[in-house]
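Below is one structure, written out as structure tokens, with a few remarks after it.
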Amino acid sequence: MQALAAAPAASALLAQQPAAAPAQPATNPDDLPKLDFSVADEGGDPIQSFFNPRQAAALRRLCELMLPIAALNAKVPEFMDFMIGRAPTDRQQIWLSGLDALNYQSETRFQKSFADISDAQADALLAPIREPWTYDVPGDPVGRLLRAAKADIRLATFNSLELHISAAGGKRPRGQGQLYWLPIE
Amino acid sequence: MAATNYDVLIIGSGASGGMAAYTLTKKGIKCLMLDAGPPVDFDRNRVQKQSFELPFRGLGDPSRLPHVFQANEYNANQWVDEKEVPYTHDPSEPYNWVRVRLIGGKTLFWARMSFRLSDYEFKGKDHDGFGDNWPISYADLAPYYDQVEPIFRVRGRKEGFKQLPDGVFIEDITADSPATQRFTAQAKKRDIPVTKMRSSTGRGQLASSFNLLLPDAMATGNLTIVPNAVVREITVDKNTGLANGVNFLDRQSHREMHAKARVVVVGASCLESTRLLLNSGIANSSGVLGHYLHDQFYITNCVQGVIPEVRDKKAPANFTGGGGYIPRFRNLQRKEKDFLRGYAFDFSSGGTPDPKYFPLYGNALEEALAKHLGTGFTGTCMGEVLPRFENHVRINKDVKDAWGIPVLHFQVRYGSNEFNMAKDAINTMSELIHDCGWEVLARHDQMLPPGYSIHELGTCRMGENPKTSVLNKWNQSWDVKNLFVVDGSSFVTGGSQNPTMTILSLSMRASEYLAEQMRKGDL
């Protein structure tokens, strides 16, 4: 095909033809098939089980603030419920105490839960995120939560199936990705 | 089938074990190599995956590998599982022990930075009075560096630095980017040297024992490799006091075996080698086995700079890119700071600063990241850690690994010398960035816990005196004459240079000595 396309007359002829269907590799019925599998996110919706309803609502609001629209489209609150539910206790505590602290501060200052306050009100509660970054872990529960949430929510969003589909124009992208090491027997 | 009586039994297949096999087998010596891990099948063990195809979206399984900061979800399975091979430490003194148990060891995944030590390290005590000299000098090891570098195809630029001797390089003639040129010029004004990175280019995808050493050794017909062989202890003949083999377990079945050999060479990686000797109860008449553990402290991205002219894509695309290396420059001519020894940097430009450095969130953060696309200039500090007796490992008999072998307990902490050095490093890098007319977005001198650099060294050190060292100047045990330890555990000091070239060279040197002793019938 390359040699054919290199000839001017042939390339002009090819240009006039209707677009061909994607090339299908020649298959031998005796070969083992290579099927195109999907992932769990295309097959169902996550079931939340770790955060209580107030914490889950606060997490949903936090995701919405961190990455408007994209994080919720990528079902990041549900994904973080799964991740943190599987994490060691100290990491779980960062999220549990941080979300509880956000709700407490919100109710104290604005008489509403964190899920129900305005963007401007939320911005006041997210003040610790404006502190310069250091290795030192913030001392207050909200600061600790925001340190973790900022990184995790971004990564969970940008690595999601939904964002990849959106970036690929509506279809699940197929292809290279990165090298993944399987468990070695 | 009866097991063969081998001339030399080599434990470990990484840089040091691989080089021992490479050197000994070429001299006609029959070697058996045992490694605790399986061989890698690169076609079977790796697949291409998109991030959304990973079980944890690339965030990693939160329930595993708490100490291995280098692990991500793509490569998590290449590291040793800490639940299978645990270790202990006081909660206030964390240590990151990062291990690989595969044929080829850590050389399958190393960063390939390839430097020589100098007499500032080998004769450090002569220079500043601290600690001990090595029992060898740079001149003793230089001929072996000369042989190792062509095998690993080290690329670099010759400079004539006394503190970072030149090697047998593939000359790096690539042009520096304008950003690197400006940085280099400003550093020069402060008498701070800058050079190209020196790295092993290897062959194909790898610069590893797996493809550069073991195939040649096997081609001699003198090497037998047994993977999945977890060595429990070195056995000693009670009559002669000499090592006569090892007891090992099959990794999968846990079947116990005994292998025999005239000589045992240990290259199981620094701390696994020391753990093996401690569990075997040998080679410790000095009482220093396990002590003087040191490494290099790392502060990755210790200063995050921003190159303003790149903001909003104003500068040409090739303005940034690439990077370089700053070798140690402190305390070379005189004591000039509130710390001994020195540190090195590697640096690079053209990346986008991590979102964590921007005190923003939401759309404001995304806009800032877009504005700063490719504007980053960052340096990683690598500082020499002083070898101190009190920093040590010992056996914790109360905790055992999956094969019932007692684990190591770590008692290690950095001291004021390291902390003062880190502060100076961060101040210096910040000043250099300002000298260039660039901005400092973030800076920090907080180190990650010891071990993070994966350059653990010492604990089975060489020396002139059997009362204060475990090995003589040939990496040979003072106590057990037919026992050699050829990996990073033999280091007396580590400098700020990545150690792999030195480990390879020491192993080659020790192996040549061993071969000669065997030829003469002395072993």
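Since we're looking at a predicted model, the values are computed, not measured.
A donor-acceptor contact closer than 3.5 angstrom is absent between the side chains of A/Y180 and B/N75.
In this structure, the side chain of B/K356 does not engage the main chain of A/R147 through any donor-acceptor pair within 3.5 Å. Checking side-chain atoms of B/N45 against main-chain N and O of A/I184 turns up no donor-acceptor pair under 3.5 Å. The closest donor-acceptor contact from the side chain of B/K49 to the backbone of A/W181 lies at 3.5 Å or more, if one exists at all.
Of all the listed residues (B/G60, B/P355, B/A442), the one sharing the greatest number of non-hydrogen pairs under 4.5 Å with chain A is B/P355. Most heavy-atom pairs under 4.5 Å with chain A: of the set B/D81, B/L448, B/D445, this distinction falls to B/L448. Most heavy-atom pairs under 4.5 Å with chain A, from the set B/L365, B/N228, B/N77: that is B/N77. Among B/Y74, B/F358, B/Y357, the residue with the largest count of heavy-atom pairs under 4.5 Å with chain A is B/Y74. With chain B as partner, the option from A/A71, A/A151, A/A40, A/S160 having the largest number of non-hydrogen pairs under 4.5 angstrom is A/S160. For the set B/V40, B/L102, B/D41, B/D61, the count of heavy-atom pairs under 4.5 angstrom toward chain A peaks at B/D61.
In this structure, NZ on A/K150 lies 6.5 Å from CG on B/L360, to the nearest 0.5 angstrom. Residue A/L182 holds its CG atom at 10.5 Å from CZ of B/R46, rounded to the nearest 0.5 Å. Here the straight-line distance linking atom CD of B/Q78 with atom CG of A/L179 works out to 10.5 Å at 0.5 Å rounding.
Heavy atoms closer than 4.5 Å to chain B are found in both the backbone and the side chain of A/A87. Looking at B/L441, neither its backbone nor its side chain comes within 4.5 Å of chain A, counting heavy atoms on both sides. With a 4.5 angstrom heavy-atom cutoff, B/Q252 touches chain A only via side-chain atoms. Neither the backbone nor the side chain of A/A127 comes within contact range of chain B; no heavy atom of the residue lies under 4.5 Å from a heavy atom of that chain. Heavy atoms closer than 4.5 Å to chain B are found in both the backbone and the side chain of A/P183. Of the two parts of B/P38, only the side chain, counted from C-beta on, holds a non-hydrogen atom closer than 4.5 Å to a non-hydrogen atom of chain A. With a threshold of 4.5 angstrom between heavy atoms, A/R130 approaches chain B through its backbone and through its side chain. Contacts of A/E131 with chain B are made by backbone atoms alone, with heavy-atom separations under 4.5 Å and no side-chain atom involved. Neither the backbone nor the side chain of A/E64 comes within less than 4.5 Å of any heavy atom in chain B.
The only option from A/D41, A/V39, A/L161 that meets the side chain to side chain contact (heavy atoms under 4.5 Å, CB included) definition with B/E53 turns out to be A/V39. Only one option out of A/D123, A/L67, A/I153 pairs with B/Y361 in a side chain to side chain contact (heavy atoms under 4.5 Å, CB included); it is A/D123.
Of all non-hydrogen atoms in B/Q50 and A/P173, the two that sit nearest each other are NE2-O, 3.9 Å. Of all non-hydrogen atoms in B/G362 and A/P68, the two that sit nearest each other are CA-CD, 4.1 Å. In plain terms, the two heavy atoms of B/P62 and A/P88 that are nearest each other are O-CD, 3.1 Å.
A centroid separation of 6.0 Å or more is found between the aromatic rings of B/F56 and A/F79.
Looking at heavy atoms from C-beta onward, A/H164 lies in side-chain contact with B/S51 at the 4.5 angstrom threshold. For the pair B/F52/A/R172, a side-chain contact is recorded, criterion being any heavy-atom separation below 4.5 Å from C-beta on. For the pair A/L155 and B/R57, the minimum side-chain heavy-atom distance is 4.5 Å or more.
For B/Q205, the CD atom is loosely surrounded, since the number of other residues' heavy atoms within 6.0 Å does not exceed 12.
For the pair A/R154 and B/E366, the salt-bridge criterion is met [side-chain N within less than 4.0 Å of a carboxylate O].
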